[in-house]
Peer 1: 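Quick one: the structure is below, questions incoming.
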Amino acid sequence: MEYHGSYLKGGPCLALFGKELKYRGVLSWVLSTDHKRIGVLYLIAVVSLFAAGAAIGFFMRLELITRGPTIMTAQTYNSAFTFHGVIMLFLFLIPATPSVFGNFFLPIMIGANDVAFPRLNLLSWWVYMAGAAIAVIALVAGPADTGWTFYAPYSLRTGAKVSLAVFAVFVLGLSSILTGINFVTTVHRLRAPGMAWFRLPLFVWAVYATAWVQILATPVIGVNMLLVISERLFGIGVFDPAKGGDPLLFQHLFWIYSHPAVYIMILPAMGVITEIIPVFSRRVIFGYKAIVYSSLGIAGVGSMVWGHHMFVSGFSYEAGVAFSFFTFLVAIPSAIKVYNWVGSMYKGSILTEPPFLFAMAFIFLFSIGGLTGLILGALSLNVHLHDTYFVVGHFHYVKFGGGGFGFFAALHYWFPKMFGKLYNKKLANYALLILFIGFNALYFPMFVLGLQGMPRRYYDYLPQYSLMQIISTVGSWVLITGLVLMFGNLIYALFRGKDAGPSPWRGATLEWQTPSPPDAENFEAQPKVERGPYHYDGI
Amino acid sequence: METKLSRDYAGAKIGMWLFLLSEVSFFFGPLALYTIFRYRHPAEFRSASTELNLTLGTLNTVILLTSSLFAALSVSAIKKGKEKASALLIALTAVLGAVFLFIKYIEWSAEIGRGFYPGSLALFERGKGEVLYFGLYYFLTGMHGAHVFIGVVLLSITAVLISRRTVNTNDYIKLENSALYWHLVDIIWIYLFPLFYLIS
Ligand SMILES: [Cu+2]
């Protein structure tokens, strides 16, 4: 079956037993094996869940505007931060950039027609949706109150329904593994003629490195979640001190995945920034190979730092020193990237379009997140700051300021390509400004609160923390305003936006050589690659 | 388009190997727990191990090894064009997998019948090391059993596909990949068997 014209109008659908079937309407989407349609399906799911997670966060902040009970009980608050975490991490950040933009653009950027296993790709979306459904059922049925970390022994003992939420994490992990397998195979097998490894766009390199982390690290948390379920159902004892088990081992297995998971969230976002900066500086990327090796380095060294979450858990001093050392070491490849981005802008002719400004916001916020991470990685300071608001501030700067803003940057960079429409650029810039102010007002006070000793996850606080808590809550209102404006602008553009044309930013990577939106088959003829991805002469 | 892509033989192989790699990573966690707890309670692990049925365990090992051999023979048969023999061999592999599960079921029932199960009084009285041993025993052999079950389903489907000639002497990557999966299931058992049965 041949398809012509935009992927939005038609595309390959699920075929079983050798028979090709064509579906219409919603079915032509949810049964589509077209990587672009699957990318859009992920986009819809991921943004909806982000809205849910943000709403929960908004109410948590509102609760904290006064001391004592404000709008919810302490038990509700515990469930709120648990589900805010589960949704934002497992349902939003981990799939966000790789599953949406990786699916949509990785095949196009290497000159392929689709991923290596299109049906597996569709399956991984369905598995993701199953995981999301289980998480929502868990939220309605009697939500867990353990925090997204599910630490034993509390998670083994609490009366709340933990098993279902934990099972959702397991199912979501399966989806993530399948996506990772697909991407690694795709990059190895489906590069167009002339697309040598060192001609790959750096976003592809970033998603490739991430995919390896997804394949190797995700099963560790998967089995850990199954162990928690077995403990709750049968009491096998491995994490239960009363039976000789060791809750610390839960923490080890949890962070062996969950620290690398931070890189699943951040590496693809870094890849996006690496695409945006050269396009809007009209200059070839500075230090291509350094960026490639730093991506691989982050993926590698990042798997040896998990103990920095456990400095005060009572493991040996020597282990602490080793984990602290590796934590400082992993900062180097991240810093290399920041220097390369800035170096690429040097003597460039910079166009301050919205994607570029989003990238700037990313660099600023991620740098604060990274540097505060080094403060937390120092053994002596960690004793004071562990489990305080400082940690909460740090990881929101990294994950939201980094992973989240990277996702927003990607959305503004690739939106015209994905849907063929241009959004209102002025409005996008104002939305970013409001977002940026709101973000810093919301999360910066947390550093101050943490240094003053305010513990995280507390429902109530002492009077001396009131001022900073109020500033933070007001910041959340500004942030939500910015989010509504930003998404509103994009949704409006979807229906009323001006025609984007094939290459509104004049990029040199292959996706800009396709029409906007791309055809179902991506390329009319097999593209031949004769130049690097960041050479702008004549474009 | 899609059918053309799924004919990428090397691609399908790479995908399968990546999946097997993630399976190995899956078993890493509980095996690490086993190592740590055995190091902490060496004597109790040894005495708990004597409670397992070594005869049935050995029998199951022989069964799985034989089934793995059949799976390998099935692959080499289809390469030589002997499709019927290949279908028969892979069906036999699945049957042996089912026999393995049945024997495992008998073993578990006997152990539970004698009071060795998580949370039981009999175990509690024998000390924490034995509680942990049996906790890990049920978890790991349970996880492995789940893999055997999936494998049996997979192999049966493959047998049907060969008999329908969807999988044939020119296109046998599905058979090769199911056999690879089955070898992994076998290898995991080769680790579990000595760790639980042969330490006394
Ligand atoms: Cu970490």
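Order of the sequence lines sets the chain letters (A, B, ...), proteins ahead of strands, with each chain counted from 1. All values below were derived from every heavy atom in this structure, side-chain atoms included, with hydrogens, water molecules and symmetry-related copies excluded. Model, not experiment: these values are computed from the prediction.
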Peer 1: Supply the atom-to-atom distance Asn224(A) CG to Phe26(B) CZ, rounded to the nearest 0.5 angstrom.
Peer 2: 10.5 Å
Peer 1: Go through Leu178(A), Ile177(A), Val184(A), Ile215(A) and name the one with the most non-hydrogen pairs under 4.5 angstrom from chain B.
Peer 2: Ile215(A)
Peer 1: Tell me if the CH2 atom of Trp17(B) is crowded by more than 12 foreign heavy atoms within 6.0 Å.
Peer 2: no
Peer 1: Counting neighbours of CZ on Phe523(A) that are heavy atoms of other residues, nucleotides or ligands and sit closer than 6.0 Å, is the number greater than 12?
Peer 2: yes
Peer 1: Using a 4.5 Å cut-off on heavy atoms from C-beta on, say whether the side chain of Leu33(B) contacts that of Phe239(A).
Peer 2: yes
Peer 1: To check you understand the geometry: which heavy-atom pair defines the closest contact between Lys128(B) and Pro241(A), and what is its length?
Peer 2: NZ-O, 4.0 Å
Peer 1: At a 4.5 Å cut-off on heavy atoms, which part of Met16(B) comes close to chain A: side chain, backbone, both, or neither?
Peer 2: neither
Peer 1: So how far is it from Trp212(A) CH2 to Leu21(B) CG, rounded to the nearest 0.5 Å?
Peer 2: 6.0 Å
Peer 1: More than 12 heavy atoms of other residues, nucleotides or ligands under 6.0 Å from CD of Glu524(A): is that the case?
Peer 2: no
Peer 1: Please flag which part of Leu123(B) lies under 4.5 Å from any non-hydrogen atom of chain A: side chain, backbone, both or neither.
Peer 2: neither
Peer 1: Could you tell me whether the side chain of Ser25(B) and the main chain of Leu216(A) form a donor-acceptor pair under 3.5 Å?
Peer 2: yes
Peer 1: Ignoring hydrogens, what is the shortest heavy-atom contact between Gly244(A) and Phe37(B)? Give both atom names and the distance.
Peer 2: O-CE2, 3.9 Å
Peer 1: If you count heavy-atom pairs under 4.5 Å with chain B, which of Ile256(A), Val238(A), Asp240(A) comes out on top?
Peer 2: Val238(A)
Peer 1: Nearest 0.5 Å, what's the OG1-CG distance between Thr185(A) and Asp8(B)?
Peer 2: 9.0 Å
Peer 1: So, for Met143(B) and Leu226(A), which heavy atoms are closest and what is the spacing to 0.1 Å?
Peer 2: CE-CD1, 3.7 Å
Peer 1: Check this for me: Lys104(B), atom NZ, are more than 12 non-hydrogen atoms of other residues, nucleotides or ligands nearer than 6.0 Å?
Peer 2: yes
Peer 1: Does a sphere of radius 6.0 Å around CZ in Phe167(A) hold more than 12 heavy atoms from other residues, nucleotides or ligands, not counting ones at 6.0 Å or beyond?
Peer 2: no
Peer 1: Would you say Tyr151(A) has more than 12 foreign heavy atoms packed within less than 6.0 Å of its OH?
Peer 2: yes
Peer 1: I need the minimum non-hydrogen distance between Phe28(B) and Val220(A), along with the two atoms involved.
Peer 2: CD2-CG2, 4.3 Å
Peer 1: Heavy-atom distances under 4.5 Å only: say whether Phe19(B) touches chain A with side chain, backbone, both or neither.
Peer 2: both
Peer 1: Non-hydrogen atoms of chain B under 4.5 Å away: do they reach the side chain of Ala112(A), the backbone, both or neither?
Peer 2: neither
Peer 1: Check whether any side-chain heavy atom of Leu18(B) sits under 4.5 Å from a side-chain heavy atom of Phe183(A), and report yes or no.
Peer 2: no
Peer 1: Could you state the interatomic distance from CG (Leu227(A)) to CZ (Phe139(B)), rounded to the nearest 0.5 Å?
Peer 2: 3.5 Å
Peer 1: Considering only heavy atoms from C-beta outward, does the side chain of Ser22(B) approach that of Thr218(A) to under 4.5 Å?
Peer 2: no
